[in-house]
Amino acid sequence: MYSLKEYLSNRLRSYLGKENIFIDVSRSPIKGFDYSTNLLHVVKGLNENELVQYLREDEIIDNVEIINRFVNIRLNRKIVFRKILDNFASDEWRGYDLGKGKKVLIEFVSANPTGPLNAVNGRSATFGSVLSNVLKYFNYQVYKEYYVNDVGEQVEKLVDSFIERLKQVRGQEYQIPEGGYHGEYLKDLAEKFLNSSNYTQEREKIKQFLISYFVEEHKNTLYNFGVVFDNWFKQSSLTSLESTLKYLSEKGFLYEDDGAIYFTSTAFGDDKDRVVKKTRGRVDYTYFAYDIEYIKNKFERGFDQIITILGPDHHGYVNRLMAATKALGYSDHKIIILQIVNILEKDRALRMSKRKGVMVLLDELINKVKPEFLRYFFISRLKDSPLDLDLELINRMTLDNPLYYIFYVYARINGIIRNYSKTLPALASEVDSDIDDEEFGLFLSAQEFRDSVLSAINDPYYLTLWAHNFAKSFHRFYNSNKVICADELGIEKEKLRMIIILFSKGVLERWAELLNIELPEKM
RNA sequence: GCGCCCGUAGCUCAGUAGGAUCAGAGCAUGGGAUUUCUAAUCCCAGGGUCGCAGGUUCGAGUCCUGCCGGGCGCGCCA
C-alpha cells in the first residue's frame, strides 16, 4: 500500500476496469468519514448500490455512504493503522517502483561561467536537486548535470572585458566594450590575475583561466548552498557537432539561406526556423547548434529520459529544444520552466543583469541566511509563480521562518521521547486501544507525506505544503493531548500515541532527507 | 504585434485533471489559552462581488473567448 489515497483510487480504478482514468480521492468534509471521491460525478451510469457493496467488502473500509453523490468512506482505523505501520516499519515505503531503474539525466542551473552565481540561480538549484531526490525515491537512476557554456560569443565578450580590466589595473586607458561585462568583480579578479604566477597576455590562456575560475566558484557556491552535481559538462567537449548536423542535413532538416544554415524547427512546431551555422561573429556555430548536439550526446550516453530546467527568460527556447529532440529521433525530453525570482529592496524591484553588474549574489545570501532556509524558501512557491525575495525580509528570516514551525515539531517529538521513561514501542507492535478522531487525524496527516512525494514529481513545492499542513496537525494535537498519559488514560493509550509520534518522526526524517535539511532535536 | 506566466483578504500566496465547508493559509491587527511531554505553540475575531465581461456545464476561482493590468521572452547572445 503506497498511501491510502493511492490505494483507494486504485481500488476504484479496478472496479471500473480502467487503468488510466484519474479518480480524485480526498479527505471527506463529512464528520465520521475519512476520504471521499467524486467518482459518481465523473463516471455516469454507475450502479450505486453495487459500488457501495464493492467498497464495503474491503477489509480496510468500515462504512461507505453516498452523500450529495459523493462517495464517503470511513476507514477501519485499526486495520489501516496496522497496514501503514507495517509497511513503514519494513521499509516498503522505499519500494514504490515508478522509475523501474530508468536512467534520467537532469540538467539545471547551467549558468554561464561569466560571473558569480546570483540569487536567482538558487531557485533552479533547489528545484533541480529536490526533484532529483524525489525521482530517486521512486527508483529512477538520476544523474545531475551542470552544462558549462565555455564556447561562444558570451565567453569572448567576457575575455574582452577582462582584458580591458587588466589594462585598467595596470593604469592604462581602458574601455569596457559594448555588450561586455561591467561588473566590478572582473576588476578585482584582474588585479589578482596580474599579481599571480598565472599571469599572461595570451588570449586563449586568459580564457581558460577565466572559465576554470568561474566554474570553480560556481561549484563552491553550490556546495555551500547544499547542492552537488554528478557532472559538470563542458560545451567545448562536444566534438561531433559537424556529424550531427550532417545527419540532420541528410534527413532534410537543414537548409542554407543567405550563407547561414538553418534548422527547420517550424516543421516541429516552433514559430521560426533557427540558425545553426552563422556567417558572422567569432564562433562558427550558434549556441543552439551545440544544444542539438548536447541533446544527442545525452541520449547517446544511455539515458532514457532527459529533463532540462530553464529560467523564465528561456521559455521561448522550449519549442526549438523539443524540435531538435524530435528531429534527432528522441522524445522523452521534459523541459521545465521556472518563473522569475524578483529581488526586492525597499519595495523596489532590483533588475539583475550580469553584464551590467547589477546582482545579488547567492554567496551573499548564504552569508546572511542559513542555506536550508533559503532552499526551503525557494521551493515554497509553485514553479509557475514568480517568487519575491525581499532583502529586508531575508534578514528577519532567521527569526521568522516557516521552517521553524516544522523544526519545532521535530524538537517537540524528541522532547517527548526524552521524557518517556519506558522502552520505546516498536512500530509493528500490537496496540489494544481505540483510535480517536484526533489521533487518527494526525496519523492520516503524517501518512499523506507519501501523496506529497508523488505530487512533488510535478513540483517539489508540494513537499513544503505537506510539511506545513502536517506541522499544523501536529501542533494542534500536541496542544490538546498528552502523549505520555499512562497515569491518566492507561498504558495502551500511551503506547498508541507513542507509536503515532514515532511514525511522525520517521516520516519527517524522510521528508528532511528529500529536502536535504537537518532537523534539530532541540530548539 | 506575437508567445509564455501571473492577476484570490491590508501584505505574501494556496486552491495539483470543474464538484459537496472552495471562498482558504501564513503574516499583520485585536482578544484569549501555560501548576500539564519546549508558548518558536494553540484557540477565537475582523476582513475578499476570486482583474472585468460574456460563454460551456446540473455545477466555474478552476475550462473557452474577448478585454484590462503586471512580468518575461521574441538575435547569425546565451
Side-chain angles (χ1 to χ4, degrees), chain A residues 21-24 26 28-30 36-38 40-42 67-70 72 110-112 114 149 151-157 179 235 257-262 271-272 274-281 283-291 311-319 337-340 342 347 349 354-355 380-388 390 393 399-405 407-409 411-420 451-452 454-459 461-462 465 468-469 471-472 474-485 488 497-498 501 522-523:
Chain A
I21 187 169
F22 173 81
I23 298 166
D24 179 61
S26 47
S28 172
I30 308 291
S36 70
T37 174
N38 63 350
L40 294 175
H41 292 277
V42 177
I67 300 165
N68 287 341
R69 301 195 41 83
F70 281 82
N72 290 275
S110 300
N112 286 355
T114 54
N149 304 131
V151 177
E153 215 68 55
Q154 292 305 320
V155 177
E156 300 306 325
K157 277 180 185 159
Q235 186 177 346
D257 185 29
D258 221 2
I261 295 179
Y262 286 76
D271 49 359
K272 254 183 231 177
R274 305 292 171 176
V275 174
V276 289
K277 186 166 187 183
K278 312 194 284 183
T279 58
R280 34 180 207 267
V283 185
D284 288 345
Y285 297 98
T286 60
Y287 174 77
F288 177 57
Y290 283 93
D291 256 335
D313 51 335
H314 283 70
H315 71 250
Y317 226 75
V318 175
N319 285 338
I337 300 290
L338 299 180
Q339 279 307 307
I340 194 175
N342 295 309
D347 292 336
K354 209 181 277 183
R355 288 179 222 175
S380 63
R381 286 288 120 80
L382 281 169
K383 66 180 194 307
D384 290 332
S385 297
L387 183 65
D388 287 341
D390 187 323
L393 241 147
L399 286 170
D400 181 23
N401 190 283
L403 238 197
Y404 272 117
Y405 191 65
F407 280 180
Y408 196 37
V409 172
R412 280 180 149 178
I413 287 174
N414 282 285
I416 294 167
I417 291 170
R418 275 193 300 276
N419 285 304
Y420 188 67
D451 295 309
S452 79
L454 210 49
S455 297
I457 292 175
N458 294 322
D459 196 330
Y461 156 77
Y462 290 106
L465 183 66
H468 184 265
N469 289 334
K472 190 165 180 84
F474 180 88
H475 288 309
R476 190 189 299 242
F477 181 86
Y478 184 95
N479 251 275
S480 50
N481 299 283
K482 267 197 93 177
V483 175
I484 300 173
C485 61
E488 302 87 352
R497 290 188 179 173
M498 207 57 205
I501 290 304
K522 285 184 180 178
M523 281 173 76

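Lettering of chains follows the sequences in order, A, B, ..., and the numbering in each one begins at 1.
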Under the salt bridge (Lys or Arg N to Asp or Glu O under 4.0 Å) test, residues paired with A:R69 that sit two or more places apart:
A:E48
Just need the stems in RNA chain B: three or more back-to-back Watson-Crick or G-U pairs, each with both distances under 3.5 angstrom, sorted by first number.
B:1-7 with B:68-74, B:10-13 with B:24-27, B:29-33 with B:41-45, B:51-55 with B:63-67
When rounded to the nearest Å, what value does the distance between C1' atoms of B:G24 and B:C50 take?
11 Å
Which residues satisfy the ring-ring contact (aromatic ring centres under 6.0 Å, His included) test with A:H475, sequence neighbours excluded?
A:Y405, A:Y408
Taken in chain and number order and not counting sequence neighbours, the residues that satisfy side chain to side chain donor-acceptor pair (under 3.5 Å) with A:D384 are none
In whole Å, what is the span from the NZ atom of A:K472 to the P atom of B:G24?
14 Å
What pairs with A:R476 under salt bridge (Lys or Arg N to Asp or Glu O under 4.0 Å), at least two apart in sequence or on another chain?
none
With a 3.5 Å cut-off and just heavy-atom distances, do the side chain of A:T286 and the base of B:A78 make a donor-acceptor pair?
no
Rounded interatomic separation in angstrom, taking CG from A:N68 and C1' from B:G59
12 Å
What pairs with A:Y262 under ring-ring contact (aromatic ring centres under 6.0 Å, His included), at least two apart in sequence or on another chain?
A:Y255
Salt bridge (Lys or Arg N to Asp or Glu O under 4.0 Å) with A:D388: which residues, sequence neighbours excluded?
none
Tabulated below should be each protein N or O lying under 3.5 Å from an N or O of nucleotides 33-36 of chain B; please produce it.
unit_1, atom_1, unit_2, atom_2, d
B:U36, O2', A:K482, NZ, 3.2

Between A:Y404 (OH) and B:C27 (C1'), how many Å, whole number?
17 Å
Restricting both atoms to N or O, compile the protein contacts to nucleotides 55-58 of chain B shorter than 3.5 Å, with distance only.
none

Who passes side chain to side chain contact (heavy atoms under 4.5 Å, CB included) against A:L465, sequence neighbours left out?
A:Y461, A:Y462, A:N469
Could you state the atom-to-atom distance from OH of A:Y287 to C1' of B:G73 in whole Å?
15 Å
Please produce a list of atom pairs where a protein N or O lies less than 3.5 Å from an N or O of nucleotides 6-12 of chain B.
unit_1, atom_1, unit_2, atom_2, d
B:U12, O2', A:R381, NH1, 3.1

Distance check needed: B:C4 P versus A:L338 CG, whole Å only.
18 Å
For atom CG of A:D459 and atom C1' of B:A14, their distance in whole Å
12 Å
For A:K277, side chain to side chain contact (heavy atoms under 4.5 Å, CB included) partners two or more places apart
A:I261, A:Y285
